[in-house]
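What follows is a set of notes on a single structure, which appears directly below.
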Amino acid sequence: PQQCGVAVFVLLVDTGTALPHQPLHRASAAKTSCQQQRRRVQTVRLYRRQRSSFWVTIITLPPQARPHLRVCCLRAALKERRHPLNKLFNVWDVITTDDTRGHLRVCIGASCEIQRRSFSRALFSLDTHAMAPVLLWSVAFAALFVAGSAACSNDLDCSLNGACTAGACVCDTAWKGTACDQLSLAPRPAGTLPAYGYKPNTTSWGGNVVIDDQGVYHLFVSEMAGGCGLSSWGHNSFVQHATSSTPLGPYEKAATPALPRWSHNASPLRAPKQYGNGSRPYFIFHIGDASSSSPVHNCTQDAALAISLQPVGPATASGSSSLVHVAQTPEGPWQPLASVGCNNPAPFFHPNGSLFVGCGGGSHLTVYLANVDVSSWSEVFSVDFPATWNQPPYIKTEDPFLWMDKRGHYHLLVHRYDYRNGQPTNPNATQPVLVSGHAFSENGLAWHFADQPPFNHWLDFNDGHRQMFATMERPHLFFDQATGDASHLVVAASPVWGDPPCEPCDARPGAAHSCVVCKTSKGVDWTYTLIMALK
């Protein structure tokens, strides 16, 4: 290509990786007609085959045309009717973007108006002498990835995590997949410690992060006192406060915990500027009333160690609430607010500053709205889960996390699990190990439930290593303050695995050793809180 003075590209199905290449940018001359821009293209070869789900296109263009490529409304087929690639496909539009990816609008079948599709393609440079074999490999490669894929007709087809553009989903940051239904997890730097619970070695069980005005990240997390594992959660759990200069952590324990025993399933958030008088207070939602006076259960024979594993200093909460405490600073003091019967609370703020909380699990979720001073709650709507989310005694749903995206749509992230995941292998169990679910709604009333779990039970590292977990629960998202996009996923994780997996764990219906209960199985009930970056 350098000697010839042209660039040749093959547009293939997007594998999620943009290879290094000279960027091609959107046409700067927006008013230039398609006819004028088409004359800049030296060679365009377009192939069509009706009722097929694979394609290939070759575009050869002079260097001066590269920043301004826009091929509009073209139809073509080879004149040689016996050519093996004859009538492969129609191209409607090719638009380059500044991240070296283009949108290829194609029509499949006789009616382009009905079956127009759009896909994102990676751009690959190649030598013109290798053209013929590349064409053949391109067809085979594209067929493997695209056969059976469905076009989108609206943003619901993109799980409300992206926009349906010219028949294809363009996913928001942090989401991927043809339907934008999977969280896009960045590989974790090798050697990075979990956010909280690994060092110092203590059992924690999820939570979330808020950021203060100085850029300090504050993690509020459920921790087990007395050196105990998660099996003690019903009496030893309290809400710990920890800080870090980065959202990934690791986080250092603060001088005093936020809420005393018994408090569990911490779900913190900070009010937006639209809330109240703009002071932006901090809230911690939880279960338990944070007022236990019973002795801490001691899980170590070392008395001195047991004392050192107690909550450090008095918790900063003043008074009890079985739902939520509020403070003007992350250090407290924390004041109780009105409660409502609520299991596993999932709080979120509406863009107008209204405070909501979702409560429940199992077969449905009930959502409540707080009044101005959070002195009372009113039920406003409920979400009924589909049968696939609740199939007793095996598949169940819990741990909701609710949020509204930057478009004003409602989303729900949950922990879904299948008791049959474990040992011995149950042929009816969900594969891979089920740990998550996602639902979405345009208005909070009509909900749609994704078939694809948004994340799986493993963590990939940038050195190629993959760590498996028996379970990941209590999912929360942390959002970029500038863009409103999700930037990190926070989960509670049980690092038990082994070969065979989950063998030390207790029994549940369908499995003698069920992975989801490794977290509370005696002897292996150490868990920690993990934060994963999204891309």
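Note that these values count all heavy atoms, side chains included, but never hydrogens, waters or copies made by symmetry.
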Whether the [X] and [Y] side chains hold a donor-acceptor pair (N or O, under 3.5 Å, no angle test) is what I'd like checked.
X      : Y      : answer
His350 : Asn352 : yes
Ser292 : His235 : no
Ser321 : Ser339 : yes
Tyr196 : Glu223 : yes
Asp373 : Ser375 : yes
Ser363 : Asn390 : no
Asp181 : His438 : no

Heavy-atom closest contact ([X] atom, [Y] atom, distance):
X      : Y      : value
Ile287 : Pro345 : CG2-CD, 3.6 Å
Asp172 : Leu160 : OD2-O, 4.5 Å
Leu477 : Leu489 : CD2-CD1, 3.9 Å
Leu183 : Phe455 : CD1-CD2, 4.0 Å
Cys228 : Asn298 : SG-C, 4.2 Å
Ser376 : Ala338 : N-CB, 3.8 Å

Do side-chain atoms of [X] reach the backbone of [Y] as a donor and acceptor pair under 3.5 angstrom?
X      : Y      : result
Asp155 : Ala163 : no
Asn161 : Trp175 : no
Arg188 : Leu193 : yes
Asn236 : Ala225 : yes
Thr527 : Ser204 : yes
Arg416 : Thr388 : yes
Arg270 : Arg280 : yes
Ser382 : Leu365 : no
Trp526 : Pro495 : no
Asn343 : Gly361 : no

Would you give the length of the straight line joining atom [atom1] of [X] to atom [atom2] of [Y], rounded to the nearest 0.5 angstrom?
X      : Y      : atom1 : atom2 : answer
Asp460 : Trp458 : CG    : CH2   : 8.0 Å
Thr430 : Ile395 : OG1   : CD1   : 4.0 Å
Thr520 : Trp205 : OG1   : CH2   : 8.5 Å
His415 : Glu398 : NE2   : CD    : 5.5 Å
Trp334 : Thr329 : CH2   : OG1   : 7.5 Å
Leu459 : Met532 : CG    : CE    : 6.0 Å

Less than 2.5 Å separating the SG atoms of [X] and [Y]?
X      : Y      : value
Cys502 : Cys515 : yes
Cys169 : Cys152 : no
Cys158 : Cys180 : no

Answer whether the closest heavy-atom distance between the side chains of [X] and [Y] falls below 4.5 Å.
X      : Y      : answer
Asp506 : Ser514 : no
Thr471 : Tyr417 : no
Cys359 : Tyr368 : yes
Pro400 : Asn344 : yes
His409 : Ser159 : no
Thr173 : Thr483 : no
Leu412 : Leu402 : yes
Tyr251 : Thr529 : no

Parallel, tilted or perpendicular: which fits the ring planes of [X] and [Y], with parallel below 30° and perpendicular above 60°?
X      : Y      : result
Trp377 : Phe285 : perpendicular
His411 : Trp403 : parallel
His241 : Phe220 : parallel
Trp389 : Phe385 : tilted
Phe449 : Trp447 : tilted

Crowded around [X] [atom1]? As in, over 12 foreign heavy atoms under 6.0 Å?
X      : atom1 : value
Tyr198 : OH    : no
Gln391 : CD    : yes
Asn154 : CG    : yes

task = Dump the intermediate steps for side-chain contact (heavy atoms from CB on, under 4.5 Å) on Ile284 and Val324, then the final yes or no.
result = CA-CA 6 Å; Ile284 300 177; Val324 57; over 6 Å; no
query = Is there a side-chain contact (heavy atoms from CB on, under 4.5 Å) between Leu434 and Asn421 once you walk through the steps?
reply = CA-CA 8 Å; Leu434 182 62; Asn421 288 136; 4.1 Å; yes
ask   = Should Phe469 and His457 be marked as a ring pair (Phe, Tyr, Trp, His ring centres under 6.0 Å) after you check the CA-CA gap, both sets of side-chain angles, and the distance that decides it?
value = CA-CA 5 Å; Phe469 293 85; His457 69 115; 8.4 Å; no
request  = Take Phe356 and Tyr410, measure what ring pair (Phe, Tyr, Trp, His ring centres under 6.0 Å) needs, and give me the verdict at the end.
outcome  = CA-CA 12 Å; Phe356 293 81; Tyr410 296 79; 7.4 Å; no
query = Should the pair Asp480-Lys406 be classified as a salt bridge under the 4.0 Å nitrogen-to-oxygen rule?
reply =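 No, no charged N to carboxylate O under 4.0 Å.
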